[in-house]
2 protein chains.
Amino acid sequence: MAQPSRKIAAKRQPNRPRIAPPANARHGRAIRAPRATSAVLVYESLHNEIIALRIEPGAGLSENDLANRYGVSRTPVREALLRLADEGLVEIVPKSGTTVSRIPYAQLNEAIVIRKALEELAVREASRRATKSQITGLWSLVERQREAAKADDRSGFHAADEAFHAAIAEAAGYPGIWHLVNQVKVQVDRIRHLTLPEGGRMLRVTKEHAAVLTALEKRDGERAVAAMRSHLDGLENSLPEIRRRNPDLFVDQVGVFVLPGPAGRKTRSQ
Amino acid sequence: MAQPSRKIAAKRQPNRPRIAPPANARHGRAIRAPRATSAVLVYESLHNEIIALRIEPGAGLSENDLANRYGVSRTPVREALLRLADEGLVEIVPKSGTTVSRIPYAQLNEAIVIRKALEELAVREASRRATKSQITGLWSLVERQREAAKADDRSGFHAADEAFHAAIAEAAGYPGIWHLVNQVKVQVDRIRHLTLPEGGRMLRVTKEHAAVLTALEKRDGERAVAAMRSHLDGLENSLPEIRRRNPDLFVDQVGVFVLPGPAGRKTRSQ
DNA sequence: CAGGCACATCTTGCATACAAGATATGGAAA
DNA sequence: TTTCCATATCTTGTATGCAAGATGTGCCTG
C-alpha cells in the first residue's frame, strides 16, 4: 500500500457539507444518530439479539448467512460486524470466521467497578449543579419506574432505569459519562436477563433510585454517592451464582484454546 | 430490508475457528491486535494524522481521494473512516461528504474530569495491589522518561508517559481503565502539540510521576490519588489560553451552521 | 489401523460497478 | 440585477465478483 504522497490538504472539493453534522458522537461510539441505513439496521438488530442472548455466545456468524437472512448484501453486514467487534460482542478471525463472544467473566467485576466510579462522579456533581427542573424530571422518571414495577412491565422498567442514570449524568453537566457507562456495561447487560425474577426486585431498585434522588435534592452529595454505590452493588454479588448456573456462556480468559474433542466439554454451539 | 426469518442458531457451519481470538478487544475499540489489513493501516495513518493536527480540523475527506492516495480501493478506506467516525474524529454526512471534526471545546473539560476519576480509581487500587515487580517496572518507566526529558526527546517522553499510566491501570488489576482513558482523551490529545514548549515541562511531569509512585510504593493510596490528581490538573488550566491562540480549530457546539459566505469568517479549509 | 497429504469448500479482505442523494454551477426568467 | 431551476458532478451507500487464506474431509500411503 502506497503512502500518501503529500500532506493532505485541500484540493478543491466541490461537495462539502455546510452544516455540521448532528451532535451524535460524543466521546466515542455512543449514540450516533441512526442513519437509517441498512448497515445501521443490521447492527442494531444483531446488537439486540446478542445482548438479549437470543444468539448464543460462541455461535458462529457468517457474513453470507446474515446477508441472506436480512436480505441485503455482505457490505452492510460487514460494517455491522466490524462495529460489533469493536464493542467486543463478536470476534473476527481474519480468513477463518466470526463468532459471538463469550462473556468474559473477569471483565464483569472490572466493568462494575468502573461504572461505580463514573456514576459516583456524576451523582456527586449532579448534587451540586442540578437545576430544579432537572430534579423534577428525575422524580418523574422514578415515578414512571414505580408504575412499570407495579405493572410488572420489565421492559418499561428497564427503559426508565436507563433514563434515570442518563439524566443524572446530564444533570451533572457530564453527559459523556453515560455514553462511557454504556460502553463499559455492554457485557454486563448480557447477563441481565439471567437474573432470576427475584420477587420485588424492581420495587427495591425503584426505592434505591428514590434514595439517591432524595439526597441529591438536599444537595447532600456524599450521601447521594453512597446511595448510588449501594445501588450499583446489587448485581456484583450475584455474579458467581449466575455463572454457576450458566457455565457455558462465560470464558475466563480470552486467547486460550477451546477444547473441541471428546476430552473437553463441547462448548461450541453446534 | 427483510427481517431474519427465524432464530439465528446453528445450521452446520464447516469453517469455524477453534481458537479463541487474541485478547484484543477489552472494553471496546481499544487496542485490537493490528490485523495488518489495508483497512487497519489506513485507519492508523489517518488516526495519527488527525491527532497530530497534520490534517486540519474542518478539512474535507473524500473516500475516493483517500483511496487514490493510499493506493487501495474505497472499501478499506471506508472501514477506516467508519471507525474514525465512531471515535468522533471525523463526521460523515450521508450522501454529502466527510469532514475532520473540529475539536469540541466543551468536551475537553469533561474529558479531563472523567480521566481524573478513572485514573484516581486506578492509582488507589494499584496502591493496594501492585506487586513488587510491578513497582520496579514503574520505576524503570519513570527513569526512562527522565532520560527522554533530559535528551529533549519529546516522542520518547510521550511514549514513556503513556506507558506509565497504562502500567498503573495494569497494576490495579483494571487494565480496561486505560482503554477507556484512551477513548476519552482522544480530543484532548489533539491539542497536545499546541502546548508551548514551556521550559522544564517534561522534567516537571517526570517529578509528578515520581511523586505518585513514591506514595504508591508506600501503599499510601490517598496520597497517591492526590498526587495523580494534581498531575492531571496541569493541562486543564491551559485550555483557555490554547483556544485563544487557535480559535479556528475549535467548535463550541456541534450541530450549528458554519457560516460559509463573506459575512462570516471563512472557516472551511479551502 | 495410523498418519499425512491433496482437495473441496468455506471463510473474510478487497476491488469495482452501480444507485441514490446532495451540492455547486450556469443559464433562463423575472 | 436578482431569483429560480435544470443539470452536471460530486458524495456516500450498496451489490457483486474475485482473491487469498483457513478448515474439514477423505483418500492414499505406510
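Order of the sequence lines fixes the chain letters, A, B, ..., with proteins taken first and strands second; residue numbering starts at 1 for each chain. Treat the numbers as computed from the prediction; the structure is a model and nothing was measured.
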Between A/Pro94 and A/Arg74, which residue's closest nucleotide on DNA chain D lies nearer the 5′ terminus?
A/Arg74

Stepwise side-chain contact (heavy atoms from CB on, under 4.5 Å) check, A/Ser101 with A/Arg190
CA-CA 11 Å; A/Ser101 307; A/Arg190 296 174 80 188; 4.2 Å; yes

Side-chain N or O of B/Thr75 versus OP1/OP2 of C/dC14: is the shortest distance under 4.0 Å?
no

Check whether any side-chain N or O of A/Ser96 sits under 4.0 Å from OP1 or OP2 of D/dA22, and answer yes or no.
no

Might you work through the side chain to side chain donor-acceptor pair (under 3.5 Å) test for B/His47 and B/Arg83, ending with a clear yes or no?
CA-CA 10 Å; B/His47 183 94; B/Arg83 289 188 62 186; over 6 Å; no

Taking the inter-plane angle between the rings of B/His165 and B/Trp178 on a 0 to 90° scale, is it parallel (under 30°), tilted (30 to 60°) or perpendicular (over 60°)?
parallel

Please state whether the phosphate of D/dT12, meaning OP1 or OP2, lies under 4.0 angstrom from any side-chain nitrogen or oxygen of B/Thr98.
yes

Do A/Asn48 side-chain atoms and A/Glu44 backbone N/O form a donor-acceptor pair below 3.5 Å?
yes

Can you figure out which of C/dT12, C/dG21, D/dA15 approaches the side chain of A/Arg78 most closely?
C/dT12

Taking the minimum atom-to-atom distance to the side chain of A/Lys95, which one of D/dT14, C/dT11, D/dT11 wins?
C/dT11

Closest to the B/Pro76 side chain, choosing from C/dA15, D/dG13, C/dT12:
C/dA15

Looking only at side-chain N and O atoms, does B/Ser73 come under 4.0 Å of OP1 or OP2 in C/dT16?
no

